[in-house]
> 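One structure coming up, written as structure tokens, with questions to follow.
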Amino acid sequence: MKERVAVIDFETTGITPGREGRATEIGIVLLEGGVIVDRFQSLMNAGVPVPPMIVQLTGISSAMVRSAPPAASVMREAAQFVGRAPLVAHNASFDRKFWDYELAQCGLSSAQDFACTLLLARRLLPLAPDHKLGTLTRWAGLPATGRAHRALADAEMAANLLRHLGETLQQRCARPVSHALLCRLQKVTAAKVPQFLQQL
DNA sequence: TGCCAGGCCCTCTTTAGGGCCTT
């Protein structure tokens, strides 16, 4: 995939954006031609405490968040860093909710397409034991990127997985793999993937 | 009042239910 894409991951205080869930950290990896060309990572302070379960999961504490830059300024920087690049995330429906919500908090919006490595892995790697990001990374023999459940390490894992999925797709269809093609593929039901690939 | 995610996918399905995946 020659084009530039931005692979994104949020750490948050909960599952649903709003009063209960706010972003605590964002990690973004810019990928060009399958190669990581730039990285962005920042903790962010949205003015909410981090629940103990989340501290245990991510290692991100309320004290760390309190001393971080305001969420709005981090999101403005993140939006500038991403620019017009299409986005990718693992279980993108989750990260998209927080991307849209946190951007809206500082008066910004985003219209980029989101490709989802979870949906793509279910279609292209059906034999994996499960489709968690960590499992897929180990199963495919992709490099370790650091502490799981930290935003930049998870974004790098998802970027490596995206590259692997691109290579897998390339082997199965004789045409260049683009973000637009991945977005089309993830909308095809799993059972119809062979037919979809054959018609390319 | 009490509860509280939601999109996707599979199947013992489609007038539904339950598991996966993200924090």
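In what follows, chains carry the letters A, B, and so on, assigned in the order in which the sequence lines appear, proteins first and then strands, with residues in each chain numbered from 1.
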> Please give the distance between the C1' atoms of dG7(B) and dG2(B) as a whole number of Å.
25 Å

> For dC4(B) versus dT22(B), give the span between their P atoms, rounded off to a whole number of Å.
23 Å

> Who are the side-chain contact (heavy atoms from CB on, under 4.5 Å) partners of T135(A), not counting sequence neighbours?
P129(A), D130(A), K132(A), R138(A)

> Give a yes or no on whether L133(A) and L118(A) share a hydrophobic cluster (residues Ile, Leu, Val, Met, Phe, Trp, Tyr; joining criterion: side-chain heavy atoms under 4.5 Å apart).
no

> If I pick the C1' atom on dC12(B) and the same atom on dG17(B), what distance separates them, to the nearest angstrom?
11 Å

> Roughly how far apart, to the nearest Å, are dT13(B) and dG18(B) at atom P?
13 Å

> How many whole angstroms separate atom NZ of K192(A) from atom P of dC10(B)?
12 Å

> What is the distance from CZ of F98(A) to P of dA5(B), rounded to the nearest Å?
13 Å

> Given the P atoms of dT15(B) and dC21(B), what is the spacing between them in whole Å?
28 Å

> Could you tell me whether a side-chain N or O of H131(A) sits under 3.5 Å from a main-chain N or O of L119(A), the two making a donor and an acceptor?
no

> Suppose we screen for side-chain contact (heavy atoms from CB on, under 4.5 Å). Which residues come up paired with A151(A), at least two apart in sequence or across chains?
D9(A), E11(A), E25(A)

> Evaluate side chain to side chain contact (heavy atoms under 4.5 Å, CB included) for I8(A) paired with R96(A), printing each intermediate quantity in order.
CA-CA 9 Å; I8(A) 189 167; R96(A) 175 173 219 151; over 6 Å; no

> Sugar-phosphate atoms are those with a prime plus P, OP1 and OP2; base atoms are the rest. Using that split, label each nucleotide of nucleotides 14-23 of chain B B, S or - for protein heavy atoms under 4.0 Å, 5' to 3'.
------BBBB

> Could you tell me whether the side chain of Q170(A) and the main chain of R175(A) form a donor-acceptor pair under 3.5 Å?
yes

> Please measure how far the C1' atom in dT1(B) lies from the corresponding atom in dC20(B), and state the result in whole Å.
32 Å

